[in-house]
Undergrad: 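This is the structure I have questions about; it appears just below.
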Amino acid sequence: MRDEPMPRPDPQALLDWYDRHARALPWRVGPAARLRGERPDPYRVWLSEIMLQQTTVAAVRDYFHAFTTRWPTVQALAAAQDADVMATWAGLGYYARARNLLKCARVVTDVHDGTFPDDHATLLTLPGVGPYAAAAIAAIAFDDPQTVVDGNVERVMARLFDEHTPLPAAKPILTDHAARLTPRERPGCYAQGVMDLGATICTPKRPACGLCPWRKSCAAWAEGTAAELPKKAPKKRKPTRLGIAYLARRIDGAWLLERRPDKGLLGGMLGWPGSDWGEEAPQDNPPIRAEWKTLNAEARHTFTHFHLRLTVKTALVPLDRRPLRGEFIELPDFSPADLPTVMRKAFDLAQGQ
DNA sequence: GAGTCGTGGAA
DNA sequence: TTTCCAAGACT
């Protein structure tokens with residue numbers, strides 16, 4: 001054990017580190033502009049925070065650009081067609097975020113007069129905005145000293161205070177630590193600084209403690225336990241599910257597609273008509289009468305909680321044939337880029353054969 | 001509290 | 001190939 005108490009981590013040291021190492025990101029205001037008093041656009045802060053949930057900066061970049069180019073304001077987004085928003089989100093995952101994004105834009109436009117609320121409690125009422133996002137938006141866009149706790153902050157706090165209680169039980173403890181450290185000055189920069197620290201220095205594996213501005217006040221560093229924190233509850237193994245996807249192309253080039261129901265997996269997204277996905281062999285129930293051919297290879301895809309092996313069947317159908325399910329969409333109204341990744345994999349297989 | 005909900009990159 | 005994981009929210 002240590003014989004001396006650990007010095008309290010200094011928020012100012014973290015802010016100094018952030019000023020020197022902050023990454024330039026499209027939703028951030030640079031240091032020069034900030035010194036001129038410029039504030040980040042709440043719409044862009046909100047959009048980035050939703051996109052960044054469980055998603056890397058690298059994956060978000062192009063999507064953020066696509067959204068802000070096509071819909072520069074929350075009013076513009078609120079006026080968008082649902083299908084266009086879902087298609088533009090396609091490939092980013094967690095599609096409930098896109099559905100809630102549109103709901104939220106319409107609430108802000110219709111209920112809040114097109115202006116984002118600036119307080120945590122009201123932000124929390126917005127669709128898709130939870131405790132993390134509400135705190136992050138309040139801190140970053142409005143300089144409100146809210147406690148921002150994401151996966152990075154949990155990891156940094158677990159290490160600073162050498163907390164061995166496994167997540168998620170440790171969450172209240174770590175949140176309490178984070179709250180005590182949050183400064184009243186520049187809370188937005190501080191929040192982004194801790195998250196940047198977690199993303200670049202205090203990483204899940206092989207943390208670069210030698211570069212950390214908080215090393216001297218880190219209990220896990222003193223104990224040599226940083227790399228094994230935070231502890232997490234053991235994960236369940238993923239079962240494998242089986243399914244069939246039916247890719248019917250009409251002779252004029254139109255594809256037979258189906259809008260998935262809003263609730264559940266890939267909710268609100270376009271996809272191929274298909275069987276249910278279960279652990280038993282799927283029932284062959286084509287969406288249109290045709291001579292179906294089964295591809296040799298299957299589309300494999302892993303979701304959050306199961307593996308999928310998707311048998312792909314293809315057919316060419318005449319112009320006047322009516323489908324039992326779904327509807328034909330002609331090019332260019334349909335692009336494979338509008339599909340969630342698992343559906344695009346099936347399309348790629350069909351194209352390749 | 002536990003399960004659901006995507007994807008791609010890294011090791 | 002498999003596992004882990006990334007600025008969580010919702011039920």
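Scope of the values below: all heavy atoms of this structure, side chains included, with no hydrogens, waters or symmetry mates. In what follows, chains are A, B, ... by sequence order, proteins preceding strands, each numbered from 1.
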Undergrad: Detail all sub-3.5 Å separations between protein N/O atoms and N/O atoms belonging to nucleotides 1-5 of chain C.
TA:
from, atom 1, to, atom 2, distance (Å)
C:dC5, OP2, A:K235, NZ, 3.2

Undergrad: What is the 5' to 3' range of DNA chain B, first to last nucleotide, that sits under 4.0 Å from any heavy atom of chain A?
TA: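 Terminal contacting nucleotides, 5' to 3': B:dG3 to B:dG8.
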
Undergrad: Please list, in numerical order, the residues of residues 115-130 of chain A that have a heavy atom closer than 4.0 Å to any atom of DNA chain C.
TA: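 Within this stretch, A:P127, A:G128, A:V129, A:G130 sit under 4.0 Å of the strand.
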
Undergrad: Which part of the nucleic acid, if any, lies within reach of A:I137 when heavy atoms closer than 4.0 Å are counted: base, sugar-phosphate only, or nothing?
TA: nothing

Undergrad: Establish, from distance only, whether the side-chain atoms of A:T55 and A:R97 form a donor-acceptor pair under 3.5 Å.
TA: yes

Undergrad: Counting any heavy atom closer than 4.0 Å, what does A:A133 reach on the DNA or RNA strands: base, sugar-phosphate only, or nothing?
TA: sugar-phosphate

Undergrad: Taking the nucleotide of DNA chain B with the nearest heavy atom to each, does A:R206 or A:L339 sit closer to the 5' end?
TA: A:L339

Undergrad: Does this structure show an ion pair linking A:R20 with A:D16, if we count only N-O contacts that are shorter than 4.0 Å?
TA: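 A:D16 and A:R20: not salt-bridged.
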
Undergrad: State whether a side-chain donor-acceptor pair under 3.5 Å links A:D10 with A:S217.
TA: no

Undergrad: Which residues satisfy the ring-ring contact (aromatic ring centres under 6.0 Å, His included) test with A:H65, sequence neighbours excluded?
TA: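 With neighbours one apart ignored, the set is empty.
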
Undergrad: Contact list please: residues 265-280 of chain A against DNA chain B, heavy atoms, distance less than 4.0 Å, in numerical order.
TA: A:L265, A:L266

Undergrad: Remaining members of A:L124's ILVMFWY cluster at a side-chain heavy-atom cut-off under 4.5 Å?
TA: none

Undergrad: Between A:P282 and A:I244, which heavy-atom pair has the shortest distance, and what is it?
TA: CG-CG1, 3.6 Å

Undergrad: Does anything in residues 88-105 of chain A reach DNA chain B, meaning a heavy atom under 4.0 Å, and if so which residues?
TA: A:G91, A:L92, A:G93, A:Y94, A:Y95

Undergrad: Restricting to ring-ring contact (aromatic ring centres under 6.0 Å, His included), what partner residues turn up for A:F347, sequence neighbours left out?
TA: A:W255

Undergrad: Give A:T55 one of three labels, base, sugar-phosphate or nothing, depending on what nucleic acid heavy atoms sit under 4.0 Å from its own.
TA: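 Base contact - A:T55 has a heavy atom under 4.0 Å of at least one base atom.
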
Undergrad: With P as the reference atom in both, quote the distance from B:dG8 to C:dA9 in angstrom, rounded to an integer.
TA: 23 Å

Undergrad: Contact class for A:R260 vs. all strands (heavy atom < 4.0 Å): base, sugar-phosphate, or nothing?
TA: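 Contact class for A:R260: none.
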
Undergrad: If Ile, Leu, Val, Met, Phe, Trp and Tyr residues are connected whenever their side-chain heavy atoms lie under 4.5 Å apart, and connections chain through other members, are A:I137 and A:V29 in the same group?
TA: no

Undergrad: Looking only at side chains, do A:Q146 and A:D144 share a donor and an acceptor under 3.5 Å apart?
TA: yes

Undergrad: Which pairs count as salt bridge (Lys or Arg N to Asp or Glu O under 4.0 Å) when at least one residue sits in residues 39-65 of chain A, sequence neighbours excluded?
TA: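 Only A:R39-A:D143 qualify under salt bridge (Lys or Arg N to Asp or Glu O under 4.0 Å).
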
Undergrad: Which residue, A:A59 or A:H305, contacts DNA chain B at a nucleotide closer to its 5' end, judged by nearest heavy atom?
TA: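 Its nearest nucleotide lies further toward 5', so the answer is A:H305.
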
Undergrad: Tell me which pairs pass side chain to side chain donor-acceptor pair (under 3.5 Å) where either residue lies in residues 321-341 of chain A, with sequence neighbours left out.
TA: none

Undergrad: With sequence neighbours left out, what residues match A:W214 under ring-ring contact (aromatic ring centres under 6.0 Å, His included)?
TA: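 Once residues adjacent in sequence are excluded, A:W214 has no partner under the ring-ring contact (aromatic ring centres under 6.0 Å, His included) criterion.
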
Undergrad: Can you get from A:L247 to A:I329 by hopping between Ile, Leu, Val, Met, Phe, Trp and Tyr side chains that sit under 4.5 Å apart?
TA: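 Cluster IDs for A:L247 and A:I329 match.
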
Undergrad: Specify the closest pair of heavy atoms between A:Y94 and A:Q53, including all atoms of both residues, with the distance to one decimal.
TA: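 The answer is CD1-O, 4.5 Å.
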
Undergrad: Between A:E298 and A:R300, does any side-chain N to carboxylate O distance fall below 4.0 Å?
TA: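 Judged by the 4.0 Å cut-off on N to carboxylate O distance, A:E298 and A:R300 do form a salt bridge.
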
Undergrad: What residues form a side-chain hydrogen bond (donor to acceptor under 3.5 Å, both in side chains) with A:D82, not counting sequence neighbours?
TA: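 side-chain hydrogen bond (donor to acceptor under 3.5 Å, both in side chains) list for A:D82, sorted by chain: A:R106.
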
Undergrad: For a quick check of understanding: with a heavy-atom distance under 4.0 Å over all strands, which category does A:R23 fall into, base, sugar-phosphate or nothing?
TA: base

